[in-house]
Each structure stands twice: as C-alpha cells, then as structure tokens.
Student: 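Just dropping this structure here.
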Amino acid sequence: MFVFKITDIADMLAEGADEVISNRDNINSINVFPVPDADTGSNMASTLLPIKNAKVDSQRPQIFIEQTLQQVLKASRGNSGIMITSYLSGLLNSLTDEQIGSELLIKSFKNGADSAKSAVEAPKKGTMLDVMYAFYKSFDANLDISQNAFDKALTRTKEALIATESQMKVLSDHKVVDAGALGFTLFIYGFSKKITRERLDISFLNLKKVNEEKLEFGKFPYEVVFIVEEPMFSAPDLKSMFHAMGNSIDIVEVAGSIKVHIHTDNTDVVRETAELVGNIVDLKITDMRNTVVHA
C-alpha cells in the first residue's frame, strides 16, 4: 500500500503529460471524432504542458493545485483539452491533504471522471470518459492502492480503450480507437509508471493516417473557445444558453473562471451571446475544415 505527498502526485502528472506529448502525432493520426481535424493529440499536449513546469511545495498543496489548474485552463484547447482539464480539476481538488492515502486517491480518480463527464453536454460511449471510469472502477471498494491494484487498473483501462472502436460507427468504419481515449490511456499509464514501471505499448493499435477525404465535418464546422472571467451565469446555465447554437459543447470552471468550447455554424451569434455572460478573454474562432494536419 502506498502513501503519497503532493510532490509525488506532481511528478506522476508530469510523467503522464510526457507520454501524451511524445505521442501527440500518433493521437492526431486517428482523430475522427467529434470532428476529423486531426488535432486531438496536439490539443491534449498543449493542455498538459503547464504540468511539466509546475512548481510544488509539499507544505502548501493548495497553492500548487490552484496555480496548476489555472495554467491548464488557460492552455486547454479543443474538446479533449476541456475534458482533461475537467478531469484534473476533479482529481487535484480532492488532494489537499498533506498525506494522500489509498481512500483519498481512489476518491480523486472518481471525482476526476465525474468532473470530466459533467463538463460534457452530451456524453457518448466510446470516448475518453470510458477509460476514465474503467481506471477508477477497477480499484473496487477494497481501498488498496498497491502495485497489483494499479496493474489491474491499467489492464482494465487498456481494455476500455480497445473497446471504443466498436462503440461508435465512425470509429469502427475506420478501424481505429477513439483518439481522446488513447490520449487519456497514455496519460494514465504515464501517471502510474512510478508504481508499475510500465509503459503503454501502442504498436498493436492501428495508427495509420486516417483518409480525411472520406470524413465529413457535419453542419457545425467552426470551433469557438473562450474564457469567461467574473461570469454572471453558472456553468449549467451556460450549457443551456449555448445548447441551440451548435454541438460538442464542453464547459469547465476553475477558480471562478469558466472555459467554453462549442462547434457551431454561426460564430456571430455565439460571440454576441458570449459577450453578455461576463468578461470574455482569449476568444478564438477556428474553421476546422482548414486545420486538417494529419501526421
């Protein structure tokens, strides 16, 4: 059984970030959901990059948590970036004790998965949410954080990753697993490496570049992302407010700031609505049809 400090968790998060960053091109190559813009790996890597440079004081875990989450929120990109930010928010905000034992760590894995799910307006089977929950649920109720428990958790996570291919038609049509699910699996293998000494061998996966000519963007080809500072509405209120304007709506709140991600066909309406909900910063509009950059 293990007992951790926040410095240990910081090191483990950095290892997880490294795995995603070094595999960003592999993740990009199979990105077909929610849109085939081949940037899931790049988005997750950019989101996790601040973790590698985060400073941590074992006596002041709350400072590390607040600063890291604020930096990750600002750096987050795309649907996958918002989801991993939400996961980290749920996980890290559970770990404020000086000594982090089994019960608290398992609770943090659950809170991370729940937080990521709550950020998504319309959760689907076959995404990174599946691997998040597979990892957490594998620990059962025995509260035993041992190497064997982590080995079991990684096996279950890998199985959930493989299963994503059969859970969405667009994935099975192209014989690939979900890119976001692959990114999170790599992250959690890296996070666990301090305990298991194991890396994820992805050579068994189909990582051949997807033929983007056979893919479609649907009716919402523009991505709009922005941060709301001093919001006048809650995150659930914002989901309702933007619901009719597009899809792939993901919203995460960190330290009083809210980041909104949406795919839309009417950027003017989204922008005008955004300006009514608070102080808007870092608003970015991308035509995803012009950003296909498969590795």
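Values in this document were obtained by computation on a predicted structure and should not be read as measured data.
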Student: Measuring from atom CE of M132 to atom OG of S86, what distance do you get when rounded to the nearest 0.5 angstrom?
Tutor: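 Interatomic distance, M132 CE to S86 OG, rounded to 0.5 Å: 8.0 Å.
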
Student: I need the minimum non-hydrogen distance between V20 and M44, along with the two atoms involved.
Tutor: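 Closest heavy-atom pair between V20 and M44: CG1-CB, 3.8 Å.
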
Student: Below 4.0 angstrom, N of the basic side chain to O of the carboxylate: do K193 and E15 qualify?
Tutor: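 Salt bridge flag = yes for E15 with K193.
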
Student: Take S234 and D237, measure what side-chain hydrogen bond (donor to acceptor under 3.5 Å, both in side chains) needs, and give me the verdict at the end.
Tutor: CA-CA 5 Å; S234 68; D237 287 340; 3.1 Å; yes

Student: Using the side-chain contact (heavy atoms from CB on, under 4.5 Å) rule, take R156 and K137 through it: C-alpha gap first, then chi angles, then the decisive distance, then the call.
Tutor: CA-CA 9 Å; R156 294 284 178 84; K137 289 181 178 180; over 6 Å; no

Student: So that I know where these two stand, are F135 and F184 an aromatic pair - ring centroids less than 6.0 Å apart?
Tutor: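 Between F135 and F184, the centre distance exceeds or equals 6.0 Å.
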
Student: Quick one: CD on E253 to CD1 on I258, what's the gap to the nearest 0.5 Å?
Tutor: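 Rounded to the nearest 0.5 Å, the CD-CD1 separation comes to 4.0 Å.
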
Student: Which distance, rounded to the nearest 0.5 Å, do you find between the CD of Q70 and the CD1 of I227?
Tutor: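 With rounding to 0.5 Å, CD (Q70) is 10.5 Å from CD1 (I227).
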
Student: To the closest 0.5 Å, what do you measure between CD1 (I262) and CG (D250)?
Tutor: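 The CD1 atom of I262 sits 10.0 Å away from the CG atom of D250.
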
Student: Please tell me if the side chains of V224 and R271 come closer than 4.5 Å, counting only heavy atoms from C-beta onward.
Tutor: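 No. Closest side-chain heavy atoms not under 4.5 Å.
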
Student: Between the side chain of T68 and the main-chain N/O of I65, is any donor-acceptor distance below 3.5 Å?
Tutor: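 No; judged by distance alone, with no hydrogens or angles, the pair does not exist.
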
Student: Should T164 and M168 count as side-chain neighbours, where that means a heavy-atom distance under 4.5 Å?
Tutor: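 The answer is no; the side chains never approach within 4.5 Å.
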
Student: Short question: side chain of S29, backbone of N26 - any donor-acceptor pair under 3.5 Å?
Tutor: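 Yes.
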
Student: Do K158's NZ or CZ and the ring of F204 fall within the cation-pi criteria of under 6.0 Å and 45°?
Tutor: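 Checked: cation-pi criterion met.
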
Student: Give a yes/no verdict on a cation-pi contact between R289 and Y222, requiring under 6.0 Å between NZ or CZ and the six-membered ring centre and an angle within 45° of the axis.
Tutor: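 Yes, R289 lies over the aromatic ring of Y222.
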
Student: If I take atom OG1 from residue T47 and atom CZ from residue F187, how far apart are they, to the nearest 0.5 angstrom?
Tutor: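 CZ of F187 is found 11.5 Å from OG1 of T47.
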
Student: I need the minimum non-hydrogen distance between K259 and K74, along with the two atoms involved.
Tutor: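 The pair with the smallest heavy-atom distance is NZ-O, 3.2 Å.
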
Student: In the structure I gave you, are the side-chain heavy atoms of K125 and D130 within less than 4.5 Å of one another anywhere?
Tutor: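 When only atoms from C-beta onward are counted, D130 and K125 do touch, with a gap below 4.5 Å.
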
Student: Do the side chains of D18 and K52 get nearer than 4.5 Å, heavy atoms only?
Tutor: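 They are in contact (side-chain heavy atoms under 4.5 Å apart), so the answer is yes.
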
Student: Just checking, is any N or O donor in the side chain of N266 or T264 under 3.5 Å from an acceptor N or O on the other one?
Tutor: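 Not at all, the side chains of N266 and T264 share no donor-acceptor pair under 3.5 Å.
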
Student: Could you check whether any side-chain N or O of S118 sits under 3.5 Å from a backbone N or O of S115, counting only pairs where one atom can act as donor and the other as acceptor?
Tutor: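 Checked: pair present.
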
Student: Got N23 and E19 here, is their nearest side-chain heavy-atom distance under 4.5 Å?
Tutor: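 Yes, close enough: below the 4.5 Å cut-off.
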
Student: Indicate yes or no: at least one non-hydrogen side-chain atom of L88 is less than 4.5 angstrom from one of L13.
Tutor: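 Yes. Closest side-chain heavy atoms under 4.5 Å.
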
Student: Out of the candidates D97, D11, I100, only one should pair with F4 under the side-chain contact (heavy atoms from CB on, under 4.5 Å) rule; please name it.
Tutor: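 Output: one option passes, namely I100.
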
Student: Answer with yes or no whether the hydrophobic clustering places I251 together with M128; edges join I, L, V, M, F, W, Y residues whose side-chain heavy atoms lie under 4.5 Å apart.
Tutor: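 No, because I251 and M128 fall into different hydrophobic clusters, even though each may have its own neighbours under 4.5 Å.
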
Student: Check for a donor-acceptor pair, side chain of S138 on one end and backbone N or O of K152 on the other, with a separation under 3.5 Å.
Tutor: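 No.
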
Student: Of all the heavy-atom pairs spanning A179 and N31, show the shortest one and how long it is.
Tutor: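 It is CB-CA, 3.8 Å.
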
Student: Work out which heavy atom in S42 is nearest to a heavy atom in N28; give both atom names and the distance.
Tutor: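 It is OG-ND2, 2.9 Å.
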
Student: In the structure I gave you, are the side-chain heavy atoms of V170 and H174 within less than 4.5 Å of one another anywhere?
Tutor: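 The answer is yes; the side chains approach within 4.5 Å.
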
Student: Does one side chain, of D114 or Y136, offer a donor that lies under 3.5 Å from an acceptor on the other?
Tutor: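 Note: D114 and Y136 side chains miss the donor-acceptor criterion.
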
Student: Locate the shortest heavy-atom distance separating K124 from F33; write the atom from each residue and the value.
Tutor: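 Scanning both residues, the minimum pair turns out to be CD-CZ, 3.5 Å.
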
Student: According to a hydrophobic-cluster definition based on side-chain heavy atoms being under 4.5 Å apart (Ile, Leu, Val, Met, Phe, Trp, Tyr only), do F64 and L49 belong together?
Tutor: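 In one cluster: no.
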
Student: Could you tell me if the side chain of L91 sits less than 4.5 Å from the side chain of L95, heavy atoms only?
Tutor: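 They are in contact (side-chain heavy atoms under 4.5 Å apart), so the answer is yes.
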
Student: Can V225 be reached from I280 by stepping across I, L, V, M, F, W or Y side chains whose heavy atoms are under 4.5 Å apart?
Tutor: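 No, I280 and V225 fall in different hydrophobic clusters.
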
Student: What's the shortest heavy-atom distance between T127 and D178, and which atoms?
Tutor: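 Where T127 meets D178 most closely, the heavy atoms are CA-OD2, 3.5 Å.
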
Student: If I take atom OG1 from residue T196 and atom CG from residue D151, how far apart are they, to the nearest 0.5 angstrom?
Tutor: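 Those atoms lie 6.0 Å apart.
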
